[in-house]
**Student:** 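So that we are looking at the same thing, I have put the structure below in structure tokens.
Numbers here simply count residues along the sequence, with the first being 1.
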Amino acid sequence: QVQLVESGGGLVQTGGSLRLSCAASGFIFSSYGMGWFRQAPGKEREFVAAIYWSGGGTNYADSVKGRFSISRDNAKNTVYLQMNSLKPEDTAVYYCGRSLYSLPIQARMVDYWGKGTLVTVSS
């Protein structure tokens, strides 16, 4: 059945980098837009980045523009989030999700979620 498995989270210092991966299975990966979202304790799940089914279009939250980059490899059924210049404000559980929308820029557009991976940025 449909599975999305995030990996790559961890503890990093302010200014450091991480690359998150989301491995997909159980569906035709190349037919879906994909997105990254994050949720901090006591906060709503918020949009981070989205990518079109072909990888030909992307969108980013203002808070991460210029620092994060989303990409996908349809041959490997994997979507990535390269995170640079990390700040303590980026600390959250990061989730990937699939969507029938070309660019899922709202959580309600996602129809299936992974379990998340924790990113902690220390000051």
**Student:** Please determine whether the number of non-hydrogen atoms from other residues, nucleotides or ligands lying under 6.0 Å from atom CD of E46 exceeds 12.
**Tutor:** yes
**Student:** Answer yes when K87 and D90 have at least one side-chain N-carboxylate O distance shorter than 4.0 Å, and no when they do not.
**Tutor:** no
**Student:** Under 4.5 Å between any side-chain heavy atoms of R72 and T78, yes or no?
**Tutor:** no
**Student:** Side-chain contact, heavy-atom cut-off 4.5 Å: L20 with W36?
**Tutor:**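 In short, these two side chains touch, coming nearer than 4.5 Å.
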**Student:** Given 3.5 Å as the limit, does a donor-acceptor pair link the side chain of S21 with the main chain of S7, or not?
**Tutor:** no
**Student:** Measure from the side-chain N and O atoms of D111 to the backbone N and O of G97, and report whether any donor-acceptor pair falls under 3.5 Å.
**Tutor:** no
**Student:** Just checking F37 against Y95, ring centres under 6.0 Å apart?
**Tutor:**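 Aromatic pair excluded; centres sit 6.0 Å or further apart.
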**Student:** Can you check whether F27 and Y32 have ring centres sitting under 6.0 Å from each other?
**Tutor:** yes
**Student:** Using modelled atom types only, decide if a donor and an acceptor are shared between the side chain of R67 and the backbone of S85 within a distance under 3.5 Å.
**Tutor:** yes
**Student:** How many angstroms lie between CE in M34 and CZ in R98, if you round to the nearest 0.5 Å?
**Tutor:** 9.0 Å
**Student:** Is V5 reachable from V119 through a run of hydrophobic residues whose side-chain heavy atoms are each under 4.5 Å from the next?
**Tutor:** no
**Student:** Under the side chain to side chain donor-acceptor pair (under 3.5 Å) rule, what pairs show up with a residue in residues 112-123, not counting sequence neighbours?
**Tutor:**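 Residue pairs passing side chain to side chain donor-acceptor pair (under 3.5 Å), neighbours aside: none found.
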**Student:** Shared ILVMFWY cluster between L4 and Y80, side chains joined below 4.5 angstrom?
**Tutor:** no
**Student:** Below 4.5 Å, heavy atoms only, C-beta onward: do V79 and F29 meet side chain to side chain?
**Tutor:** yes
**Student:** Which distance, rounded to the nearest 0.5 Å, do you find between the CG of L86 and the CG of L18?
**Tutor:** 6.0 Å
**Student:** Which Ile, Leu, Val, Met, Phe, Trp or Tyr residues join L11 in one cluster when any pair of side-chain heavy atoms under 4.5 Å counts as a link?
**Tutor:** none
**Student:** Answer yes or no: is there a side-chain heavy-atom contact under 4.5 Å between L81 and R38?
**Tutor:**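 Not touching, per the 4.5 Å side-chain cut-off.
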**Student:** May I ask you to decide if A92's main-chain N or O and Q39's side chain share a donor-acceptor pair within less than 3.5 Å?
**Tutor:**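 Not a single qualifying donor-acceptor pair exists.
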